[in-house]
Structures are given as structure tokens and as C-alpha cells.
Number of protein chains: 2
Amino acid sequence: MPRHNRDDRSTTRAIKNLILERGLRPGDPIPTEAELVEEIGVSRSSIREAVRTLVALDILQVRHGTGTFVGGLSLSPLVEGMVFRGVLMPGKNHQALRDVVELRRCLDLALEEQIVDALHGKDPSTLRTEVDAMLECAHRGDPITTHDRRFHLLLSECVDNQFYAQLVAAFWDIHQLVAPQLGVASTSDLQASARAHAGLLEAAVAGDSQRYREAIAAHYEPILRSLEAHSRA
Amino acid sequence: MPRHNRDDRSTTRAIKNLILERGLRPGDPIPTEAELVEEIGVSRSSIREAVRTLVALDILQVRHGTGTFVGGLSLSPLVEGMVFRGVLMPGKNHQALRDVVELRRCLDLALEEQIVDALHGKDPSTLRTEVDAMLECAHRGDPITTHDRRFHLLLSECVDNQFYAQLVAAFWDIHQLVAPQLGVASTSDLQASARAHAGLLEAAVAGDSQRYREAIAAHYEPILRSLEAHSRA
DNA sequence: GGTTATTTGTACGTATGTATG
DNA sequence: CCATACATACGTACAAATAAC
């Protein structure tokens with residue numbers, strides 16, 4: 001009496017259905033592998049392969065020796081895939097990275113109005129803190145990556161769209177993971193970048209849309225220039 | 001002499017490195033499982049679990065009885081993850097789907113200039129064909145999904161950004177896969193949607209940015225209205 | 001068209017590493 | 001430190017799909 005599980009798609013479906021039927025939420029534990037074997041009716045190998053698939057999609061998380069849990073449903077698979085694309089296809093001079101940066105810039109411009117509206121006359125201390133830290137780091141020649149990321153994350157939260165915030169984080173991660181191929185940024189680039197972030201915040205709290213759009217251009221100028229330089233090489 | 005492969009991360013890395021070192025491209029075959037066992041030095045189970053991970057990310061593709069190949073590096077993992085998010089988190093009235101649609105609209109508006117520039121005075125037959133087919137289908141009350149998708153794909157190719165085109169395709173797929181929860185669209189909605197696409201094309205070939213932006217609004221109006229209706233329910 | 005070799009899919013058993021109490 | 005529960009890894013055998021002869 002052979003089974004007809006063509007591939008692991010049916011097993012992954014079964015696990016996803018199990019999550020839905022029981023109303024599990026991110027962080028909740030799912031049955032152990034042995035229990036899944038019984039409930040779904042396939043071998044342990046198949047369960048494990050299906051779990052791998054769902055872990056890759058951040059639908060599940062596995063803690064060795066502890067158990068398996070519902071994942072964060074983040075955009076991490078997007079990041080991993082795009083990073084690999086970036087290193088696999090360096091053709092046409094980092095076209096993949098350029099595409100990501102261009103799209104980041106487009107989205108920033110498209111949501112300028114919402115962000116300026118949200119920040120006009122506010123000057124939240126969280127954003128200010130990150131900007132000050134960036135200026136300080138750049139002055140010392142230290143990398144500003146952690147503050148840079150937090151700044152953009154905080155900024156993205158001004159828009160009432162969780163998907164947008166996740167995309168911003170994903171784009172930032174992709175950029176950061178692929179950028180090392182371009183070589184390290186100079187101290188002057190660091191300082192210019194820090195000042196660009198300061199300019200973004202200033203313009204937003206001032207409610208100056210025009211200046212905010214110019215600050216976006218200033219923010220991406222060193223990155224795109226670096227990409228241009230590598231295009232000619 | 002125990003091995004120190006902590007998890008499948010090292011095995012997936014090994015396979016990815018293999019692809020990079022040999023300069024393989026999407027569609028190229030990679031070694032068989034048995035060969036990978038020898039070359040990487042882990043068991044077949046581990047190889048298979050790593051392959052599952054990479055298949056989920058569309059870095060690999062497996063054909064039963066034939067072999068394993070480099071995948072299309074598409075955004076399919078983004079689609080699968082977001083779709084599951086949409087069905088798992090119906091809270092706040094389809095917030096996830098609304099976020100995706102809103103972002104689609106933002107991107108369309110942000111790239112309006114590039115698309116209008118590319119199409120001004122052109123009126124390409126490929127786009128015209130899809131629009132005519134949509135109008136015809138809507139008139140008969142048939143779904144316009146396939147032509148709708150092709151139209152947006154063709155439109156996205158006017159922008160010189162492969163990532164944008166992939167995102168458009170992914171957003172469309174997410175929308176299409178989650179939307180059935182909202183119930184079927186009426187015939188009048190279908191016809192309105194078909195006319196909206198026609199309006200997009202007309203405005204673009206006329207080089208009329210203002211009208212194009214209005215057409216974008218008309219395009220998303222029925223969708224957002226449907227989402228609103230379900231929010232109040 | 002049928003046979004066979006190749007390759008992936010499934011199942012099972014066993015031993016080991018890891019976290020919890 | 002020990003015992004328990006769980007995930008990790010390995011090896012083997014067989015089933016199913018595909019391709020080539």
C-alpha cells in the first residue's frame with residue numbers, strides 16, 4: 001500500500017496547516033519530530049526535510065535540543081536569496097546591488113510625504129540619538145553601520161506599513177552584505193554619510209519636503225558614486 | 001574522529017561555494033547527491049536537508065529522477081512567506097495584504113516618470129494586446145488574471161531594474177494568492193479594472209503624467225475599497 | 001515499447017550532541 | 001552529576017521517476 005507523497009510539498013503543507021488549525025503564533029512550539037511523524041504519517045527524514053524548507057522561509061525556527069517553534073515570518077529569505085544573487089551575478093558591474101539601491105531611493109522618495117508629515121515639529125529623541133552617534137563615529141573613523149540601520153528602521157516606522165519597514169530592513173541588510181565587495185568606505189565618505197542622515201532628520205522635523213528630497217539624494221550619492229567607479233573598472 | 005558540522009548551515013555554504021567556484025548559472029546542473037556526499041564529506045541525509053533549504057530559497061531546483069540544478073534566484077520565497085503571513089495573521093483586517101497593495105501603489109507612483117518616458121509615443125503591441133484581452137474577458141465576465149499579470153510584467157520591464165520587475169511579479173502573486181479570502185470580484189469590478197489598465201496605457205503613450213497618476217489611483221481603488229469593506233465587517 | 005542504469009524520494013535504525021530539570 | 005527529552009548526523013535499504021539504449 002504505497003504512499004503518494006510526491007515530494008515534501010505535501011509535508012510542508014501539512015505542517016503549515018497544523019500551525020493554522022491550532023492558531024499558533026510566532027514563538028509558539030510545534031510538536032516534536034516524533035509526534036509529527038505520527039500525526040502526519042511520514043518518516044522522520046521527510047519531516048526533517050520539510051522542516052528545513054520552512055526554516056529557510058522563516059516559518060519555523062529550530063533550537064537544537066529544545067524543540068521547534070513557529071518562526072518570525074520575516075523577510076530573511078529575501079535577504080539570503082538576494083545576497084547570493086549579488087555574489088553570483090557580478091555581471092554588468094554589480095547590477096543587482098545597484099538595482100536594490102535604486103529601489104531603496106525610489107521608495108524613500110515615494111514615502112517622503114508621509115515621513116515628513118509624521119516628523120514635522122516632533123524631533124524624536126530616538127532618531128536624534130542615532131544621528132549624534134553616527135556623527136561621533138564618523139568623526140573617529142569608526143563604522144556607523146549599527147546606528148545607520150537603527151536610524152532607517154526608526155524612520156520606516158513613521159510609515160504605517162509593517163511590510164515597508166521589513167523591506168527597508170531587508171534592503172539595508174542586502175546592501176550591507178554585498179557592499180564589502182566594493183571595498184571599504186573612506187573616512188570622508190563616512191562623514192558625508194553621517195551628515196546626510198543628519199540632513200534627513202533636520203529637513204523632516206522642519207517639514208521641508210524639498211530639502212528632505214535633496215537629503216535623500218545626498219544620502220545615496222556616495223553609494224551610487226562608488227558603484228559607478230566599479231562600473232568603469 | 002567526530003565531525004564538527006554544527007548544522008546544515010555549513011553544508012548549504014559548501015554547496016553555494018561550489019556553485020560560485022565553478023561559475024554555475026541558473027539552469028546548470030550541480031553534482032548528484034552521491035557526488036556531493038563525497039565532495040563535501042557529509043551524509044546523504046545532511047546533503048538532502050541542505051538541498052531542501054536551498055530549494056526553498058530558489059537557489060536550487062530538483063527534478064525527481066533527473067538531477068539537481070541551479071535555481072532561478074527568483075523572489076518566490078518572499079511570495080511563499082508573505083502568503084503564509086497573510087493567512088496566519090488575518091488580524092487587523094488583512095493588514096498584511098493592505099500593506100502589500102499600498103506598497104505596490106507607492107512603487108507605481110514613484111516610477112511613473114520612468115514608465116511614461118519609456119512609453120511616450122510608443123504604444124507597443126504587446127501591452128495593447130493584453131489590454132484588449134482584458135477588456136474582452138471582463139465583458140464576458142471571465143477573470144482577467146493572466147492578462148493582468150502579463151500587463152504588469154511588461155510594464156515593469158520599461159524600468160531598467162530587474163529587481164523592480166521581480167518585486168512587481170512577487171507583489172502580484174502575493175495579492176492574487178491572498179485575495180481569494182476576500183471573496184470573488186463582481187463583473188462590474190472586473191470591467192472597471194480592465195478599463196483602469198486601458199487608462200494606464202493610454203496615459204503613458206500620450207505622455208500625460210497627471211493622467212497616468214490618476215489611472216494608478218483608479219487601478220487600485222476597487223481593491224482598496226474591497227479591503228475597506230472587509231475592515232468594517 | 002521495454003529494459004536498464006542513473007538519480008532523487010522515502011523509510012528505518014542507531015549513535016551522538018545539546019538543553020532542561 | 002545524572003536523567004530525560006529533543007534535535008543532529010550517519011548509514012543502509014528500497015521505492016519512484018527519468019533518461020538512454
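Lettering follows sequence order; numbering is per chain, from 1.
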Q: For the side chain of Thr32(A), counting heavy atoms from C-beta on, which of dC12(C), dC6(D), dG9(C) is nearest?
A: dC6(D)
Q: Let's see if you can work this out: which of dG9(C), dA11(C), dA9(D) has an atom nearest to the side-chain heavy atoms of Ser43(B)?
A: dA9(D)
Q: Rounding to a whole Å, what distance do you find between Glu33(B):CD and dA5(C):P?
A: 20 Å
Q: Test ring-ring contact (aromatic ring centres under 6.0 Å, His included) on His175(B) and His152(B) and set out the steps.
A: CA-CA 13 Å; His175(B) 176 239; His152(B) 288 290; 9.7 Å; no
Q: Has the side chain of Arg44(B) got a donor or acceptor atom sitting under 3.5 Å from an opposite partner on the base of dG9(C)?
A: yes
Q: Roughly, in whole Å, what's the span from CZ in Arg48(B) to C1' in dC14(D)?
A: 13 Å
Q: Both Ser46(A) and Ile30(B) contact DNA chain C. Taking the nearest nucleotide for each, which residue is further toward the 5' end?
A: Ile30(B)
Q: Do you see a donor-acceptor pair shorter than 3.5 Å between the side chains of Asp148(A) and Ser193(A)?
A: no
Q: Quick test of your reading of the model: are Arg52(A) and Glu49(A) salt-bridged, counting only N-O distances below 4.0 Å?
A: no
Q: Rounding to an integer number of Å, can you tell me how far Gln61(A) CD sits from dA7(D) C1'?
A: 15 Å
Q: Should Arg98(A) and Glu228(A) count as an ion pair when the cut-off is N to O under 4.0 Å?
A: yes
Q: Record whether the side chain of His64(B) comes under 3.5 Å of the base of dT8(C) through a donor-acceptor pair of N or O atoms.
A: yes
Q: Indicate, with a heavy-atom threshold strictly under 4.0 Å, whether Ser45(A) touches base, sugar-phosphate, or nothing.
A: base
